[in-house]
Protein chains: 2
Amino acid sequence: MSVIFSRQCEYALQAVLYLALKPAGTMISIKELTKKLGIPYHFLAKILQDLANQGLLRSMKGPTGGFTLAHPATEITLFHIVEAVDGLDFLNTCVMGFPDCSGNNPCAVHSQWGSLRDGIHSMLVHKNMADLAKEITKPEYKSS
Amino acid sequence: MSVIFSRQCEYALQAVLYLALKPAGTMISIKELTKKLGIPYHFLAKILQDLANQGLLRSMKGPTGGFTLAHPATEITLFHIVEAVDGLDFLNTCVMGFPDCSGNNPCAVHSQWGSLRDGIHSMLVHKNMADLAKEITKPEYKSS
DNA sequence: GTAATATTAGACCAATTAGTCTGAAATGTC
DNA sequence: GACATTTCAGACTAATTGGTCTAATATTAC
């Protein structure tokens, strides 16, 4: 199975984007997220805890508690989330799996894959959560 | 861990390319491939058997036996190999993991990812094994 | 202070992917 | 025909990822 991002990472992207749509500082519970996004409760809990530990989210316990972005939506990019969850190895390793592939010992698709990969990299770096929030049309993100 | 192709698929790409460098019809044993490419013997055996069953390779038993391309190198593309090993779901599914993402219900990066994905798709379709063979500089493919 | 509600921590289980091993079947050489 | 060499088939193990569960801790509201 070819894959770009792990399922964990997909869930993280969905959840952070959901948070980005709420007024800054609004605490959102796992319960609400899991309900709106259809992500398994405990699995999502682990992912959010991890993001909180890495400083991307802030969390608070108790009723009225939940998660919220730790930084302005404009300052959180796709890159930050992917980096935190999946890591960035895929931007530096050979697409054909050669361990020694590099500029002076390139594989047969090195340069062509290189520019595609740069396109992906650039998208990750430039798209922040505020950008994404503007483009949302999906019903699962609408109303509370 | 983000990934484009599974390890199986990477190994398949490496092995098929190796075969493409030999004169058409030359039988290459798993032993030679595993030695030159550093891929675990029995694992590679399974992958090659699978490719043979799917009609991409031809195989023969006994001494002087081995594997060879079932079609001219110009007619085997990256696309064929990826399709046979990993499948092509990643070209049709949402990069953020939304099950209902589509043209009339797009996710926030739908169109931008769409063009990157098309670039990948196009590379897979247009690069055939003969093209790749021409660009080889890697030492593991040199000499016998 | 008590109860309700939320995250936190970590052990645990299930499914998929990666990799190993063994024995059988086919083919070429002597 | 005997033997060496190869693929073939399938069971098996190991590692990673995906997902579940339980008990503890913090916070709010009464």
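Every chain is numbered from 1, with letters handed out A, B, ... down the list of sequences. If you're wondering where the values come from, they're calculated on a predicted model, not measured in any experiment.
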Query raised in the report: Any luck finding a side-chain donor-acceptor pair between D100(B) and S102(B) under 3.5 Å?
Result: no

Whole angstroms only, please: what is the [atom1]-[atom2] distance between [X] and [N]?
X: Q49(B); N: dG19(C); atom1: CD; atom2: P; answer: 16 Å
X: L33(B); N: dT7(D); atom1: CG; atom2: C1'; answer: 13 Å
X: M1(A); N: dT17(D); atom1: CE; atom2: P; answer: 15 Å
X: M27(A); N: dT8(C); atom1: CE; atom2: C1'; answer: 15 Å
X: F5(B); N: dT17(C); atom1: CZ; atom2: P; answer: 16 Å
X: R58(A); N: dA26(D); atom1: CZ; atom2: P; answer: 19 Å
X: E32(B); N: dT7(D); atom1: CD; atom2: P; answer: 11 Å
X: I30(B); N: dC21(C); atom1: CD1; atom2: P; answer: 15 Å

Query raised in the report: Are OP1 or OP2 of dA6(C) and a side-chain N or O of T64(A) less than 4.0 angstrom apart?
Result: no

Query raised in the report: Any side-chain N or O of K31(A) less than 4.0 Å from the OP1 or OP2 oxygen of dT5(C)?
Result: no

Using the 3.5 Å cut-off, write out each protein N or O paired with an N or O of nucleotides 1-4 of chain D and the distance between them.
none

Report summary line: Exactly one candidate in L17(B), I81(B), L19(B) meets side-chain contact (heavy atoms from CB on, under 4.5 Å) with I76(B); the answer is I81(B)

Closest approach of [X] to [Y] (non-hydrogen atoms, all atoms of both residues):
X: T34(A); Y: P40(A); value: OG1-C, 3.7 Å
X: M27(A); Y: T64(A); value: CB-O, 3.5 Å
X: G103(B); Y: P106(B); value: O-CD, 3.7 Å

Query raised in the report: Yes or no on side chain to side chain contact (heavy atoms under 4.5 Å, CB included) for L91(A) and R117(A), after CA distance, side-chain angles and deciding distance?
Result: CA-CA 7 Å; L91(A) 294 174; R117(A) 189 194 48 211; 3.7 Å; yes

Report summary line: S29(A) has its side chain closest, among dT8(C), dA6(C), dT27(D), to dA6(C)

**Report entry** Parallel, tilted or perpendicular: ring planes of Y11(A) versus F43(A), cut at 30 and 60 degrees
**Finding:** perpendicular

Requested in this report: Look at the rings of F79(A) and H121(A) and say which category their plane angle falls in: under 30° parallel, 30 to 60° tilted, over 60° perpendicular.
Outcome: perpendicular

What nitrogen or oxygen pairs link the protein and nucleotides 19-24 of chain D at under 3.5 Å?
residue : atom : partner : partner atom : Å
dG19(D) : OP1  : R7(A)   : NH1          : 2.9
dG19(D) : O6   : K46(A)  : NZ           : 3.0

Query raised in the report: Strictly under 6.0 Å, is that where the ring centroids of Y18(B) and F67(B) end up?
Result: no

